[in-house]
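What follows is one structure encoded as C-alpha cells, with my remarks underneath.
Numbers here simply count residues along the sequence, with the first being 1. Every heavy atom of this structure was used, including side-chain atoms; hydrogens, water molecules and symmetry mates were not.
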Amino acid sequence: MHPHIQTLLKCIDLEEKEQAQRFSLDQQHTLKQLKAEGLALHPIIVTKKSFGYADYPEIRFKLSFPPEVNLFRDGAAIECFISGEEPVKGVLINLDNRNGEFRLFAPDFPDWIEDNGAGIKLTPDTRTTSIMKKVLEELEQNKKLFKLFETLHGKEAIKIPAQSFSTNISLKNKGLNQSQQQAIAAVLENENITIVHGPPGTGKTTTLTEAIVQLVNRGEKVLVSAPSNTAVDNIAKGLIQQGISLLRVGNTSKADETIFQHTPEGRLNNSKEQKEIKQLKIRAEEFRRMALKYKRNFGKAEREQRNLLFKEVKNIRAEIKKLQTYNEEKLFAEAQVIAGTPIGLYDAGLNHLSFQTLVIDEAGQCIEPLAWCIFPLADKIVLAGDHWQLPPTVLSNDAAMMGFNQSILETAIEKISDVYLLNTQYRMRESIAGFSSNYFYDSLLLTAEHLKDKGVHLTFIDTAGSGHNEIHGPDGISLQNEGELGIIQKIISNESLHLNSTAFISPYSGQVAAAKEILPKEIRCSTIDSFQGQEKETVIVSLVRSNDEGEIGFLKDYRRMNVAITRAKEQLFVIGDSATIGADKFYSEFLTYVEQNGQYRTVWEFE
C-alpha cells in the first residue's frame with residue numbers, strides 16, 4: 001500500500017480516538033467541561049417535534065444562551081441525552097445562532113425529550129470515518145485515480161506555467177473580469193484537474209456558476225460539492241437562478257423554499273409516489289401509537305410487544321427509503337447538475353451515472369480523504385477555494401502533525417500547474433485588502449476601481465504598556481482580555497458605529513463569550529473560525545494576547561489572521577499589544593503596513 005495512504009488511514013484512526021476521548025461524558029469529562037469546549041449544548045428547549053425524511057423523528061430546539069460552536073456543523077454526528085437515560089444517536093440538521101434542528105435515528109421520540117435537562121453533544125462520526133477508510137483502502141484498484149494520487153504525492157512538483165486559454169466565449173454573465181474569464185476558459189478546456197484560486201471577495205461563486213452553466217450548455221453532466229451544506233446551497237442557488245436543472249441531495253431538511261423545490265423530496269411533492277409514502281407514514285404512526293401504550297416499566301410480555309411494534313415501524317421506514325431511492329433514480333438521470341456534500345453525494349449511490357466534471361467549492365476546507373470519496377464519480381475535477389484561509393478542523397494534534405489538516409486544495413496546489421488566480425477583489429477598501437495582497441498573494445490581488453478612495457479605513461489600537469493583560473476565562477481553557485473589551489466599548493460609542501453592520505471577532509472563544517455579555521446585542525460576536533466566509537461593513541478584531549514572554553499561541557497560524565483582516569468592507573479595527581506580537585515577523589510587517597496605510601493609535605487615547 002502507498003505510504004501516504006497508510007499515513008491517511010493512521011490519521012483517521014487518531015482522529016477517531018481523539019473524538020471518542022473528547023466527546024465522552026464521564027467522570028473525566030463533566031458536562032460543564034464539554035459545554036466550555038463547545039462540544040455540548042445544554043439545556044435545549046424543544047420548540048417542535050415532527051417525523052421528517054424517511055420518517056425519522058426530527059426536533060427543533062432553541063437555546064437560552066448564545067453558543068460559540070464552530071464544531072456543531074450541519075451534518076455533525078450527535079447524541080441527545082439526559083441524566084440517567086440511554087442517549088439516542090442522531091445528526092445535526094442545522095444550528096443558526098440560538099435555533100437548531102436535529103434528526104434522531106430511533107423509532108420514536110424519547111419519552112424524556114421535553115424534560116428539563118435534555119441536551120445534545122457531539123459524538124464520533126464513525127460512519128464518515130468508515131466510508132473514508134473503505135475508499136482509501138480501495139484506491140489503488142482504480143488505475144486512473146491512483147495515478148492522480150501518485151501525482152499529488154510524488155516527490156517533486158511537476159510545475160509548468162498554467163496555460164492561457166482564449167476567452168472568446170459567449171458568456172451569460174457579461175460583467176466578468178479578465179481573470180474570471182480566464183478561469184472559466186480553463187475549466188472548459190480542463191482534461192484532468194484544474195484549480196480556481198479565489199482569495200476573499202474575488203467573486204469565486206459567480207465565476208464557478210458561469211463555468212458550470214457553460215459546461216452544461218456543452219452537454220456535460222456536472223457534480224457540485226463542498227464540505228458544508230451552506231456552501232453547497234450557496235452555489236446551488238446561483239445555478240437555479242440561471243435556469244439549470246439541479247438536484248440537491250443529502251441533508252436537505254433545513255433547505256429553504258428555493259432549494260427545497262430542487263431536492264428529491266421537493267420534486268416528488270404531490271406526486272403519486274409521495275402519496276404512497278404518506279400512506280406508509282400513517283401506518284408507521286399507528287404502530288408507534290400502539291407501541292407507546294406499553295410503557296417501558298411494564299412487564300416482560302408488554303416490553304416484547306412494544307419491541308415487536310417498533311420493529312414493524314423500522315420495517316416500514318426501510319420500505320419508505322426503498323421507495324424514495326427508486327423514485328430518486330429517475331430524478332438523478334434527468335438532472336443536469338447534482339449537488340451535495342461529499343458524504344451526501346457518496347450516499348446517493350451515483351456510481352452507475354456518468355459525470356464529466358466534478359466541481360468542489362471551498363476545497364481549502366475539505367480534508368483529503370473526503371475528496372477521494374467523490375473523485376471517482378467524474379472524469380475531470382475542478383478544485384476551487386483559497387489555501388491561505390483556514391484549513392479543515394482536525395481535533396487530533398498527532399493527526400494534524402502528520403498533515404491531516406492539509407486540505408485537498410493545499411495538497412493539489414503544490415503539484416498541479418493549472419492554477420488560475422481570481423485577481424480582483426470587490427469586497428474591501430484598498431487599504432484593508434493591501435496587507436493580505438502583499439503577504440499572501442504576492443501583491444497580485446488587485447482592488448476594484450470604486451474601492452480605491454483614500455480615506456482612513458484601517459486602524460490598529462496598541463495596548464502596549466497599559467497593563468491590559470490576557471487572563472484565563474472562567475472555563476480555565478480559553479483566554480480573555482478585559483482591557484481590550486473596555487476599549488471596544490469606547491470605539492463603539494466614539495465612532496458612532498452602526499451596530500447591525502458591525503462584527504466583533506477574536507481567535508479566542510473565551511473573549512467572544514465575554515464580548516457577548518457586555519457588547520450591544522445587535523453586534524455580531526464570533527470567533528474568527530466561525531466568521532470565515534462572512535463579511536460586515538465594520539469589523540473589530542481583538543487579538544487578546546498580552547504577556548511579558550511574547551507568547552502568541554495560535555495567533556501563529558497566519559491564515560487565521562488573513563481571514564480576520566479580510567472580513568471588513570469599510571472599516572477594520574485591530575486591537576492588540578505590539579510589545580507581545582511585534583517580535584513575530586508577520587505581525588511586525590502588519591504594524592508597519594498600518595503605519596503607512598492606515599491609522600496607528602494608542603490605548604491612551606481611550607483611557
Checking [X] side chain against [Y] main chain: does a donor-acceptor pair fall under 3.5 Å?
{"X": "Thr129", "Y": "Ile12", "answer": "no"}
{"X": "Lys569", "Y": "Glu535", "answer": "no"}
{"X": "Arg218", "Y": "Gln214", "answer": "no"}
{"X": "Thr207", "Y": "Gly203", "answer": "yes"}
{"X": "Glu220", "Y": "Val222", "answer": "no"}
{"X": "Asn173", "Y": "Glu210", "answer": "no"}
{"X": "Glu15", "Y": "Leu395", "answer": "yes"}
{"X": "Tyr346", "Y": "Thr341", "answer": "no"}
{"X": "Thr566", "Y": "Pro200", "answer": "no"}
{"X": "Lys221", "Y": "Ala333", "answer": "yes"}

Assess whether a salt bridge exists between Glu570 and Arg429, defined as any Lys/Arg side-chain N lying under 4.0 Å from an Asp/Glu carboxylate O.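 Judged by the 4.0 Å cut-off on N to carboxylate O distance, Glu570 and Arg429 do form a salt bridge.
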Give a yes or no on whether a salt bridge exists between Glu334 and Lys330, defined as a side-chain N under 4.0 angstrom from a carboxylate O. yes
Can you measure from [atom1] ([X]) to [atom2] ([Y]) and round to the nearest 0.5 angstrom?
{"X": "Ile5", "Y": "Glu140", "atom1": "CD1", "atom2": "CD", "answer": "4.5 Å"}
{"X": "Leu223", "Y": "Leu358", "atom1": "CG", "atom2": "CG", "answer": "5.5 Å"}
{"X": "Tyr420", "Y": "Gln180", "atom1": "OH", "atom2": "CD", "answer": "15.5 Å"}
{"X": "Leu246", "Y": "Leu239", "atom1": "CG", "atom2": "CG", "answer": "6.0 Å"}

Classify the ring geometry between His153 and Phe149 as parallel (under 30°), tilted (30 to 60°) or perpendicular (over 60°). tilted
Under 30°, 30 to 60°, or over 60°: which ring-plane class applies to His197 and Tyr441, parallel, tilted or perpendicular? tilted
Non-neighbouring partners of [X] that pass salt bridge (charged side-chain N to carboxylate O under 4.0 Å, His left out), sequence neighbours left out:
{"X": "Glu449", "value": "Lys452"}
{"X": "Lys10", "value": "none"}
{"X": "Lys134", "value": "Glu138"}
{"X": "Arg559", "value": "Glu410, Asp557"}

Under 3.5 Å side-chain donor-acceptor pair for [X] and [Y]:
{"X": "His387", "Y": "Glu414", "answer": "no"}
{"X": "Asp529", "Y": "Thr527", "answer": "no"}
{"X": "Arg524", "Y": "Gln534", "answer": "yes"}
{"X": "Gln182", "Y": "Gln178", "answer": "no"}

Side chain to side chain, His498 and Thr538, heavy atoms closer than 4.5 Å: no
A side-chain contact here means heavy atoms from C-beta on lying under 4.5 Å apart; do Ile240 and Arg248 qualify?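 Result no, sub-4.5 Å side-chain heavy-atom pair not found.
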Take a 6.0 Å sphere around [atom1] of [X] and say whether it holds more than 12 heavy atoms from other residues, nucleotides or ligands.
{"X": "Trp372", "atom1": "CH2", "result": "yes"}
{"X": "Phe554", "atom1": "CZ", "result": "yes"}
{"X": "Glu191", "atom1": "CD", "result": "no"}

So Glu328 and Arg267, salt bridge (Lys or Arg N to Asp or Glu O under 4.0 Å) or not? Walk me through it. CA-CA 9 Å; Glu328 282 167 8; Arg267 285 280 180 88; over 6 Å; no
Is the distance between the ring centroids of Phe102 and Tyr56 less than 6.0 Å? no
Using the ring pair (Phe, Tyr, Trp, His ring centres under 6.0 Å) criterion, which residues pair with Tyr426? Sequence neighbours excluded.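 Scan of Tyr426 (ring pair (Phe, Tyr, Trp, His ring centres under 6.0 Å), adjacent residues dropped) gives none.
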Over all atoms of both residues, closest heavy-atom pair of Ser225 and Val232: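 In terms of heavy atoms, the two residues are closest at C-CG2, 4.4 Å.
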Residues which pass side chain to side chain contact (heavy atoms under 4.5 Å, CB included) with Thr128, listed by chain and number, not counting sequence neighbours: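 If we apply the side chain to side chain contact (heavy atoms under 4.5 Å, CB included) test to Thr128, skipping adjacent residues, the hits are Asp125, Met132, Ile343, Leu370.
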Could you check Val539 against Ile432 for side chain to side chain contact (heavy atoms under 4.5 Å, CB included), going step by step and ending with a plain yes or no? CA-CA 11 Å; Val539 173; Ile432 297 176; over 6 Å; no
